[in-house]
Amino acid sequence: MENRLILGIESSCDETAVAVVSNGRDVLANVVASQVDWHRKFGGVVPEIASRKHLELINPVIEEALSEAQVDFEDLTAVAVTYGPGLVGGLLVGIAAAKAIAYSQELPLIAVNHIEGHIYANLIAHQNLEAPVVCLTVSGGHSDLLYFQELGDYQLLGRTRDDAVGEAFDKVAQVLDLGFPGGPAIDKLASQGEADAIQLPRPLIDADNYDFSFSGLKTAVLNYINNQQQRGERIVKADLVASFQQAVVDILVAKVTKAVRELEVEQVMLAGGVAANSQLRAELEEELSALGVKLYFPPLKLCTDNAAMIASAAYYHWQQQNWAGYDLNAEPNLKLE
Ligand code: KG4
Ligand code: ZN
């Protein structure tokens, strides 16, 4: 098979990332310049700062990725870029860079949905993974449950009706002063707490659908904190985050196992930043293995934002000749359809 090299660019949030991937699954370079230190002191990603940093970093990161992959622009088959969802300023920086390369090198331009990218990170990590497969995508902006009949073709089973899982993690961490991003901090602290210490709701857990809702759970945590403070009582942070994380994991595990049973699939993949959560991985793995179902998740480096996943997803678009035009624009609120 001829090597089809795709250069992927990702700049939707606070990582400026560029990768070179061969045939959708073989990573030649995966460079991620994180801006997290610039945003941390503000307790979240500041869009204005992110745009400026992307602008400073994009060209050096492209050069670094090409040199790490030991390829030149002429060796590329296509250029892929995240066009949403994300922060418009950052997206535009990546899109402008991708267009410039595509135009000057006469290469196909491929537009990739960021969430789709998170899913395809699994294909890089697990070379034998094939459809049919159920996919749980949980990140800072999205919580979607999908069914892939084929690798290039998915159906949306359900999604969150309000907050994304990662958003709930970040908010809870913020009110407890655990720092930013909140997910990893909660993951770590939860292992020292009692998961049944505080009773919290598990919205929609028994509903006969694949939808999620996390805002009620988040509010319950905030109310608990307020009530304890008003009564002058102590808040045991480790117990609270352990109880919160347990509620989240219970909900996610319930919906995934429901999908596995109803669709009779034998494989599940996890995607998105929250897929890094250690308790989610462990409990899902245990539940699924009891059902004879194999769970796949990307290694940590591919779970968080990177461009290898964008270049991988792009390969399936490239195969279907699904090119974008030079009128490609950022779509900050893009969803998986
Ligand atoms: O996919 P991602 O890197 O960026 C988005 O596209 O949103 O996901 C970031 C989210 C953040 O909300 C972060 O707190 C969460 O993923 N996260 C975690 C963990 N690591 C990252 N949530 C729970 N447990 C973790 N270990
Ligand atoms: Zn992401």
Side-chain angles (χ1 to χ4, degrees), residues 8-17 19 30 32-36 39-40 43-45 47 50 81-87 90-91 94 112-122 135-144 159-160 163-176 178-191 193 195 214 217-218 221 241-242 244-249 251-253 269-284 297-310 312-313 331-336:
I9 299 179
E10 155 62 43
S11 58
S12 66
C13 192
D14 61 342
E15 330 273 359
T16 314
N30 187 15
V32 180
S34 176
Q35 309 174 357
V36 71
H39 299 284
R40 189 175 279 121
V45 176
V81 63
T82 304
Y83 73 113
L87 301 169
L91 290 167
V112 176
N113 181 318
H114 178 84
I115 313 162
E116 199 181 293
H118 275 300
I119 296 164
Y120 284 84
N122 277 292
C135 177
L136 176 68
T137 307
V138 273
S139 72
H142 298 269
S143 308
D144 297 314
R159 66 164 40 132
T160 183
D163 295 355
V165 189
E167 207 177 336
F169 269 97
D170 291 339
K171 185 69 200 176
V172 168
Q174 192 193 0
V175 295
L176 291 173
L178 298 179
F180 169 82
I186 289 184
D187 195 351
K188 199 161 159 233
L189 186 59
S191 64
F214 295 103
L217 172 59
K218 177 190 73 184
V221 173
V241 297
F244 163 75
Q245 184 171 281
Q246 185 67 59
V248 170
V249 169
I251 296 167
L252 297 175
V253 169
M269 53 183 177
L270 270 180
V274 183
N277 187 268
S278 57
Q279 192 186 355
L280 176 63
R281 288 177 171 205
E283 291 198 13
L284 203 49
F297 41 77
L300 287 184
K301 185 164 194 275
L302 290 171
C303 264
T304 46
D305 289 352
N306 66 86
M309 65 186 199
I310 302 303
S312 172
E331 290 191 31
N333 299 315
L334 187 66
K335 290 192 159 44
L336 281 180

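Quick caveat, the model's predicted, so the values are computed rather than measured. For ligands, and for the atoms within them, numbers begin at 1 and follow the listed sequence.
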Using a 4.0 Å cutoff against the non-hydrogen atoms of H114, which atoms of ligand 1 qualify? 6 (O)

Polar contact flag for G273 and ligand 1 (N/O pairs, less than 3.5 Å): yes

Hey, is the main chain of L336 close enough, under 3.5 Å, to the side chain of R159 for a donor-acceptor pair? yes

Side chains of H118 and D305: does their closest heavy-atom pair fall under 4.5 Å? yes

For atom 26 (N) of ligand 1, what is the nearest protein heavy atom, given as residue, atom name and distance? D187 OD2, 2.9 Å

Quick check for you: within a radius under 2.8 Å, how many protein N, O or S atoms neighbour the Zn ion (ligand 2)? 3

So L176 and L189, side-chain contact (heavy atoms from CB on, under 4.5 Å) or not? Walk me through it. CA-CA 11 Å; L176 291 173; L189 186 59; over 6 Å; no

So is T304 polar-close to ligand 1, meaning N/O to N/O under 3.5 Å? no

Would you sort out whether F169 and D187 count as a side-chain contact (heavy atoms from CB on, under 4.5 Å), showing the intermediate values? CA-CA 9 Å; F169 269 97; D187 195 351; 5.9 Å; no

Contact (N/O only, under 3.5 Å) between G140 and ligand 1: yes

Pairwise distance NE2(H114) to OG(S11) - rounded to 0.5 angstrom: 10.5 Å

Among N306, V172, D170, which one puts a heavy atom closest to atom 11 (C) of ligand 1? D170

Measure from the side-chain N and O atoms of S143 to the backbone N and O of V165, and report whether any donor-acceptor pair falls under 3.5 Å. yes

Is any side-chain heavy atom of L302 closer than 4.5 Å to one of N30? yes

Checking a contact table here: which protein heavy atom is nearest atom 4 (O) of ligand 1, and how many Å away? D305 OD1, 3.5 Å

With nothing but distance in play, are any N or O atoms of G272 less than 3.5 Å from an N or O of ligand 1? no

Given the rule in the side-chain contact (heavy atoms from CB on, under 4.5 Å) test, do N306 and E10 qualify, once you have shown the distances and angles that lead to the verdict? CA-CA 6 Å; N306 66 86; E10 155 62 43; over 6 Å; no

Can you tell me how far the OG atom of S139 sits from the CG atom of D144, to the nearest 0.5 Å? 8.0 Å

Can you list the ligand 1 atoms lying under 4.0 Å from a non-hydrogen atom of G141? 7 (O)

Looking only at atom types and distance, does a side-chain atom of N333 sit under 3.5 Å from a main-chain N or O of P85, one as donor and one as acceptor? no

Minimum-distance protein heavy atom relative to atom 15 (C) of ligand 1: V274 CG2, 3.9 Å

With atoms numbered from 1 as shown, which atoms in ligand 1 lie under 4.0 angstrom from a non-hydrogen atom of G166? 12 (O)

Are side-chain heavy atoms of V248 and N277 found at a separation under 4.5 Å? no

Indicate yes or no for a side-chain donor-acceptor contact from S34 to the backbone of E15 under 3.5 Å, with no hydrogens or angles considered. no

Nearest-neighbour protein heavy atom for atom 22 (N) of ligand 1, which is reported as residue plus atom name and distance: G183 CA, 3.3 Å

Would you kindly specify which portion of H118 sits under 4.0 Å from ligand 1, judged on non-hydrogen atoms: side chain, backbone, both or neither? side chain

Please walk me through it: do V81 and I310 pass side-chain contact (heavy atoms from CB on, under 4.5 Å)? CA-CA 7 Å; V81 63; I310 302 303; 5.8 Å; no

Option with minimal heavy-atom separation from atom 23 (C) of ligand 1, where the choices are I186, N277, V248, T137: N277

